Amino acid sequence: MSEPAPQEVSMETLVSLCKRRGFIFQSSEIYGGINGFFDYGPLGAELKKNIRDCWWNDMVHRRDDIVGIETSIIMHPKVWEASGHVAGFTDPLVDCRASKQRYRADQLFFAPVVVDGRTVGYVSALEGERTPEELQEAAESLKRKKSIQGKLEPVRVRDMTEAAPEEIALIPSPATGEPGSLTAPRSFNMMFQTNVGAMTDASSVAYLRPETAQGMFADFKAVVDTGRVKLPFGIAQIGKSFRNEITPRNFVFRSREFEQMEMEYFIHEDADWAKCHREWIDWCKDWLVSIGLPAGRLSEYNHPKEKLAFYSRGTTDIMFRYPFGVQELWGVAARGDYDLKQHEKFSGIPQVIFDEASKKRFVPHVIEPAVGVDRIFLALLCAGYAEEDVRDNKGNVEKRTVLRLSPRVAPVKVAVLPLLKNKPELVARAEALHRALKRKYAVFYDESGAIGRRYRRQDEIGTPWCVTIDFETIEKDGTFTLRERDSMKQVRIGEPELFALLEEKVY
RNA sequence: GCGGUCGUAGUUUAGUGGUAAAACCUCUGCCUUCCAAGCAGGUGUCCCGAGUUCAAUUCUCGGCGACCGCACCA
């Protein structure tokens with residue numbers, strides 16, 4: 001697919017447009033902001049809602065094989081043990097500031113070198129790198145190097161999780177052999193922790209979900225038992241998730257609180273999962289195009305086999321070309337039966353389905369398309385933003401800023417404008433049309449300023465159409481000007497045709 | 001988390017050891033018969049804290065936040 005090379009909008013420009021027009025604000029800005037959190041303003045909330053509605057309509061309402069659910073953000077802590085989120089990410093890590101190496105604290109050992117009861121230095125080693133005997137030798141060599149006389153005591157080896165704060169600065173880095181560059185062990189678990197109930201103790205620890213997917217797995221049995229579903233079928237959910245990202249970056253691309261749209265599509269254990277996987281990748285790409293993302297900015301990335309999570313059979317990311325590079329937009333993972341099997345193991349409750357066709361009872365396999373609402377939001381702005389040179393009626397070139405959002409997602413579908421505001425009959429007719437339209441659509445009424453200015457204002461927030469009530473409307477046939485955002489072309493149409501147009505384009 | 005750059009109005013920027021300016025945006029009125037027109041008027045700013053100083057938006061330190069690299073991203 002060939003397109004003219006689009007001029008790349010800078011993130012800076014986009015961020016300031018978002019703020020200026022009320023799409024996205026930094027969270028808690030009056031207190032200096034908080035890193036990795038964002039608020040959606042009046043227009044942003046509309047755009048975001050439209051993304052969710054389009055997805056839900058297409059994924060749930062317009063299909064016969066998918067049901068939607070909404071699960072709690074805080075779930076039983078065992079959910080995250082079963083999913084692997086707790087175990088895999090509680091290891092404290094130690095960084096070497098000099099070499100930029102990162103070590104697991106329980107795999108980095110050290111021992112004080114004690115001579116005549118006095119600590120004269122430290123030796124260290126990675127797991128498997130040196131035996132205790134070799135560490136003893138290293139201690140003796142340190143003693144010799146420092147020309148210290150006296151009796152060297154046997155080394156007592158500990159790992160970094162046991163290091164006292166005052167010891168850390170004295171322990172040499174395994175990378176450089178010099179002390180002073182190691183950080184204290186830090187936990188890098190990305191789950192937000194909280195406590196359930198007023199008492200704060202170990203038994204009350206709970207987590208804000210790092211993904212919505214586990215809600216679908218945990219409720220799998222309940223949906224199967226009540227939902228009259230038959231394989232293959234899907235369970236979909238839209239909701240907030242939370243990850244304590246080390247470094248939130250790139251505006252809303254990676255934030256600590258974000259909104260996911262995930263769907264778990266359950267298939268027969270003998271089904272052709274690769275074919276199903278492919279079909280979902282294609283569905284997702286088609287859907288992205290249907291809400292206005294150019295196909296030319298999309299690509300696919302297949303996770304190499306050796307880098308896959310051990311339970312995954314294949315993961316394909318649908319990538320988008322953002323101004324800061326080609327990055328993940330939508331992950332489509334073939335997860336096998338891993339998740340349900342884990343919940344079976346941890347809960348003791350069989351997560352099986354009885355398939356009428358094959359007369360078999362088994363744990364189904366799953367294909368998971370997972371996407372972030374905020375990332376789609378960002379992609380729409382990046383792809384839609386344009387600055388054009390246009391000529392005014394004196395022939396001067398000036399800049400037009402336009403956000404080319406699809407009518408499906410645009411925060412405002414139509415702006416209703418009386419040509420002049422000091423003519424009561426124009427204003428009255430415009431207000432009547434506004435009343436009629438707003439029963440069904442997000443519309444905007446604006447009578448202030450010159451007509452050209454009002455058009456440009458709507459261009460900048462992505463409104464696809466403006467209708468202008470003029471003297472012909474009230475004196476002749478009731479038609480008004482329909483002005484189209486991208487082409488700036490104007491045609492005269494009447495109210496029934498306007499409703500027909502909206503019915504077709506806004507769905 | 002590391003290194004670099006930075007923080008003045010809603011936005012973009014100017015400027016200063018003596019509490020500050022412009023353009024655009026926004027609001028009000030007048031005008032205006034289709035692409036950011038004009039006139040008049042209005043709102044609104046030195047990221048936070050400590051220190052130095054008679055005096056700090058300006059200098060120093062700390063914090064917070066932003067951007068760019070590196071690392072991280074199950």
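Numbered from 1 within each chain, the chains take letters A, B, ... in sequence-line order. The structure displayed is predicted, hence computed values, not measured ones.
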Of all residues at least two apart in sequence or in a different chain, which pass the side chain to side chain contact (heavy atoms under 4.5 Å, CB included) check with [X]?
X	result
A:R400	A:E388, A:V390, A:V402, A:R404, A:R456, A:D459, A:R483, A:M488
A:V363	A:D337, A:L340, A:K341, A:E344, A:V352
A:Q193	A:V205, A:Y207

Closer than 4.0 Å, any side-chain N/O of A:N35 to the OP1 or OP2 of B:C64? no
N/O (side chain, A:R453) to phosphate O (OP1/OP2, B:C25) under 4.0 Å: yes
Donor + acceptor pair across side chains of [X], [Y] (<3.5 Å):
X	Y	result
A:S241	A:Q260	yes
A:E29	A:Y31	no
A:D477	A:T479	yes
A:T71	A:Q237	yes

Whole-Å [atom1] distance, [N] and [M]:
N	M	atom1	value
B:A40	B:C25	P	16 Å
B:C39	B:G44	C1'	22 Å
B:C48	B:G7	P	14 Å
B:A20	B:G15	C1'	8 Å
B:G1	B:A55	C1'	40 Å
B:G29	B:U53	C1'	49 Å
B:U52	B:G62	C1'	15 Å
B:C47	B:U8	P	6 Å

I need a per-nucleotide contact map over nucleotides 5-11 of chain B, read 5' to 3'. Cutoff is protein heavy atoms under 4.0 Å; write B for the base, S for backbone only, - otherwise. -----SS
Which of B:C73, B:C2, B:C35 is nearest the side chain of A:R249? It is B:C2
Whole-Å distance separating the [atom1] atom of [X] from the [atom2] atom of [N]:
X	N	atom1	atom2	answer
A:M488	B:C35	CE	C1'	5 Å
A:F38	B:G65	CZ	C1'	11 Å
A:E211	B:C73	CD	P	17 Å
A:F253	B:C72	CZ	P	16 Å
A:R256	B:C73	CZ	C1'	12 Å
A:N250	B:G65	CG	P	17 Å
A:I461	B:C25	CD1	P	16 Å
A:L14	B:A66	CG	C1'	15 Å

Please name all residues satisfying ring pair (Phe, Tyr, Trp, His ring centres under 6.0 Å) with A:F258, sequence neighbours left out, ordered by chain then number. none
Examine A:R158 relative to A:F110 and say whether NZ or CZ is less than 6.0 Å from the centre of the six-membered ring and inside a 45° cone about the ring axis. no
Ring-face cation contact, A:Y40 with A:K48, 6.0 Å cut, 45° max: yes
Using nucleotides 29-34 of chain B, report all nitrogen or oxygen pairs with the protein that are shorter than 3.5 Å.
{"from": "B:C34", "atom 1": "O2'", "to": "A:Q490", "atom 2": "NE2", "distance (Å)": "3.4"}
{"from": "B:C34", "atom 1": "O2", "to": "A:Y455", "atom 2": "OH", "distance (Å)": "2.4"}
{"from": "B:C34", "atom 1": "O2", "to": "A:Q490", "atom 2": "OE1", "distance (Å)": "2.6"}
{"from": "B:C34", "atom 1": "N3", "to": "A:T481", "atom 2": "OG1", "distance (Å)": "3.2"}
{"from": "B:C34", "atom 1": "N4", "to": "A:D470", "atom 2": "OD2", "distance (Å)": "2.7"}
{"from": "B:C34", "atom 1": "N4", "to": "A:T481", "atom 2": "OG1", "distance (Å)": "2.6"}

So for atom CD, which belongs to A:E70, do other residues, nucleotides or ligands contribute more than 12 heavy atoms lying within a distance under 6.0 Å? no
Quick one: stems for RNA chain B, with Watson-Crick or G-U pairs under 3.5 Å, at least three in a row? B:1-7 with B:64-70, B:10-13 with B:21-24, B:26-30 with B:38-42, B:47-51 with B:59-63
Pairing residues for A:T13 by the side chain to side chain donor-acceptor pair (under 3.5 Å) criterion, not counting sequence neighbours: A:S10
Who passes side chain to side chain donor-acceptor pair (under 3.5 Å) against A:D339, sequence neighbours left out? A:Q214, A:R335
Check step by step if side-chain hydrogen bond (donor to acceptor under 3.5 Å, both in side chains) holds for A:S448 and A:D446. CA-CA 6 Å; A:S448 72; A:D446 189 3; 3.2 Å; yes
For RNA chain B, whose closest nucleotide is more 5', that of A:Q26 or that of A:P210? A:Q26
Residue closer to the 5' end of RNA chain B, A:K399 versus A:F324 (nearest nucleotide): A:K399
Looking across every strand, which nucleic acid part, if any, lies under 4.0 Å from A:R243 by heavy atom: base, sugar-phosphate, or nothing? base
Using residues 421-435 of chain A as the side-chain source, report each donor-acceptor pair under 3.5 Å to any protein atom, sequence neighbours left out, with the distance given to one decimal.
{"from": "A:R429", "atom 1": "NH2", "to": "A:E495", "atom 2": "OE1", "distance (Å)": "3.2"}

Using the test salt bridge (Lys or Arg N to Asp or Glu O under 4.0 Å), find all partners of A:K240 that sit at least two apart in sequence or belong to another chain. A:E257
The correct set of residues in residues 332-343 of chain A placing a heavy atom under 4.0 Å from RNA chain B is none
